Amino acid sequence: MLDVKKLRADPNEIAQLLLVKGFTLDVPLYQGMEEQRRVLQQETEQLQAERNAKSKLIGQAKAQGQDITPLLAQVGDLGERLESAKQKFTQVQADLQSFLQAIPNTPHDSVPAGKDEDDNVEMSRWGNLPAFNFSPKDHVDLTDQGAMDFDVAAKISGARFVVMHGQLARLHRALTQFMLDTHTQQHGYQEVYVPYIVNAESLYGTGQLPKFAHDQFRVESENEAYLISTAEVPVTNLYRNEIINIADLPIKHVCHTPCFRSEAGSYGRDTRGIIRQHQFEKVELVQLVHPSESWRALDELTNHAQAILKALELPYRTVNLCGGDLGFAAAKTTDLEVWLPGQDRYREISSCSNYVDFQARRMQARYRSGPSAKPELVHTINGSGLAVGRTLVAVLENYQDGEGKIAVPDVLRGYMGNATHLELP
RNA sequence: GGAGGGGUGGCUGAGUGGUCGAAAGCACUGGUCUUGAAAACCAGCGAGGGUAAAACCUUCCAGGGUUCGAAUCCCUGCCCCUCCGCCA
């Protein structure tokens, strides 16, 4: 959620910023609601003050043993007037609230204008593209003897699921372990284990709700509950309604979870392979930092994610997302895109974002800078470090030798029983 | 699944329907004292809105209700704890 004080102060400026994201803020509508709110709030509060004062007098009179009937008469229809004012006020407030909730975060100055992913701006490239003297296969063809089984996955679950066997499943696990070890041992992240089912408040806190309910898997249960679409949700919400001691900042968590996405609205896209699944694994980096640190922290976190790609010697590029491609809650996002020889293009493997105080405000995640200081909102940053399934794809496709064999990246061999090549069925 | 007991400030924990936004303790901050520190003593100290500052409004898990007045009474929900049963 945006800072209402800033919005009140200069809605036109905010509207201007939001245009970069392709969002049109209805300023007159907003100002109308805001004016109504102000008037009704004043009226309601005045009536409340009157009621409180009179009730206090009654209490005092009663304590002194005086007759309170004349005082009771004075109260008259105060209750009814208050009731009706309050009703109108809460209605406007609710309208205003849902209006505000639907406004995306404003983009940072460095976010390029643009409509969709075609307008994203490449910032850097790393690594040399593999020079194959054969026509590289994609990960599906490389594993089509049964290591990666979509048919059996479809039987037991449905489309957009996969079953992986033997060394392939182990490689998948090795990648996860390697990422976790790197981030905890070299980058200073605290590992955390979290639930994979969360309540609606948590999804609201990180911005998936109310606008993006269709992306989530709802769980059939007594309460409104959802499978997590990213570890960002449970991990960031650890600090919902918490006041963090400034000495504990920055908070840096790494968390491995499965992620569940309904992928509604992407029916025709990436139907081949495991690029876009209903269930995939991700190692997520989350930071909660002092507001003055968040842009530095975004850089740092992005570098931490890149370190994995470098260690795996996978060529990649970094991309600055344009306004139109930026997520609802993000102020800025840097995507890492890994080279996939099988697709002959770069594909997203990590998305690193600074949400500044947008999520923190929805969650009331705050820090206190000193004993007598007011709590202030933290800034939240997160990014994949990395998406495990897509990393697996990248390893398979970049490490193929043209004769059906796939080398194990050096840094993973310790996790693979020192195997140099995958033994796939 | 059955039976009970609870949710109060950063934390622990009192609170009879009426000057209760809330005792007390811890923590923290300022001061006195001290060569310095500790201890002791004095003072301050929840959150959101509002104001130049006040006044004022809201807030004792959440949502309803009763009442002139609710932390306190009633209903619903959520969460936690204890015991029994079941269970990886």
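What you see is a predicted model, and the numbers here were worked out from it, not measured in a lab.
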Let's test this: given Watson-Crick or G-U wobble pairing with both distances under 3.5 Å, identify the partner of [N].
| N | result |
| --- | --- |
| B/A40 | B/U32 |
| B/C86 | none |
| B/U59 | B/G46 |
| B/G4 | B/C81 |
| B/U66 | none |

Is [X] close enough to [N] that one of its side-chain N or O atoms is under 4.0 Å from OP1 or OP2 there?
| X | N | answer |
| --- | --- | --- |
| A/R8 | B/G50 | yes |
| A/R51 | B/A70 | no |
| A/N52 | B/C57 | yes |

Start with the C-alpha distance between A/I274 and A/M148, add both sets of side-chain angles, then the distance that settles side chain to side chain contact (heavy atoms under 4.5 Å, CB included), and finish with yes or no.
CA-CA 9 Å; A/I274 63 167; A/M148 203 176 271; 3.9 Å; yes
Using atom [atom1] in both nucleotides, what's the gap between [N] and [M] to the nearest angstrom?
| N | M | atom1 | value |
| --- | --- | --- | --- |
| B/U8 | B/G2 | C1' | 30 Å |
| B/C26 | B/A43 | P | 14 Å |
| B/G48 | B/G9 | P | 15 Å |
| B/G63 | B/C42 | P | 40 Å |
| B/C61 | B/A23 | P | 16 Å |
| B/G69 | B/C78 | P | 30 Å |
| B/A27 | B/U35 | C1' | 29 Å |
| B/U72 | B/C87 | P | 42 Å |

Counting only side-chain heavy atoms from C-beta out, which of [options] sits nearest to [X]?
| X | options | value |
| --- | --- | --- |
| A/A49 | B/U58, B/G10, B/C56 | B/C56 |
| A/I58 | B/G18, B/C57, B/A47 | B/G18 |
| A/P375 | B/A47, B/G18, B/G49 | B/A47 |
| A/S55 | B/A47, B/G49, B/G69 | B/G69 |

Would you call [X]-[Y] a salt bridge at under 4.0 Å N-O?
| X | Y | answer |
| --- | --- | --- |
| A/E50 | A/K54 | yes |
| A/K155 | A/D149 | no |
| A/R347 | A/E117 | no |
| A/E300 | A/K252 | yes |

Once you apply a heavy-atom cut-off of 4.0 Å, does A/K5 come out as touching a base, just sugar-phosphate, or nothing? sugar-phosphate
* Asked: With a 4.0 Å cut-off on heavy atoms, is A/Q48 in touch with a base, just the backbone sugar-phosphate, or nothing at all?
  -> sugar-phosphate
Rounded to whole angstroms, how far apart are [atom1] on [X] and [atom2] on [N]?
| X | N | atom1 | atom2 | result |
| --- | --- | --- | --- | --- |
| A/K56 | B/C56 | NZ | P | 7 Å |
| A/Q364 | B/A62 | CD | P | 14 Å |
| A/L82 | B/G65 | CG | P | 12 Å |
| A/L57 | B/C68 | CG | C1' | 11 Å |
| A/L96 | B/G49 | CG | P | 15 Å |
| A/Q93 | B/G48 | CD | P | 17 Å |
| A/R240 | B/C61 | CZ | P | 17 Å |
| A/Q42 | B/G49 | CD | C1' | 13 Å |

A/F328 and A/F212 aromatic centres sub-6.0 Å
yes
Is there a donor on the side chain of A/K62 or the base of B/G18 sitting less than 3.5 Å from an acceptor on the other?
-> yes
Practice item. Please report the C-alpha distance between A/D141 and A/R272 in whole Å, then the side-chain angles of each, then the deciding distance to 0.1 Å, and finally whether the salt bridge (Lys or Arg N to Asp or Glu O under 4.0 Å) criterion is met. Key: CA-CA 10 Å; A/D141 287 337; A/R272 182 177 169 81; 3.0 Å; yes
The answer to which of A/E83 and A/R366 contacts RNA chain B further toward the 5' end, by nearest nucleotide, is A/R366
Between A/K54 and A/I243, the residue closer to the 5' end of RNA chain B by nearest nucleotide is A/I243
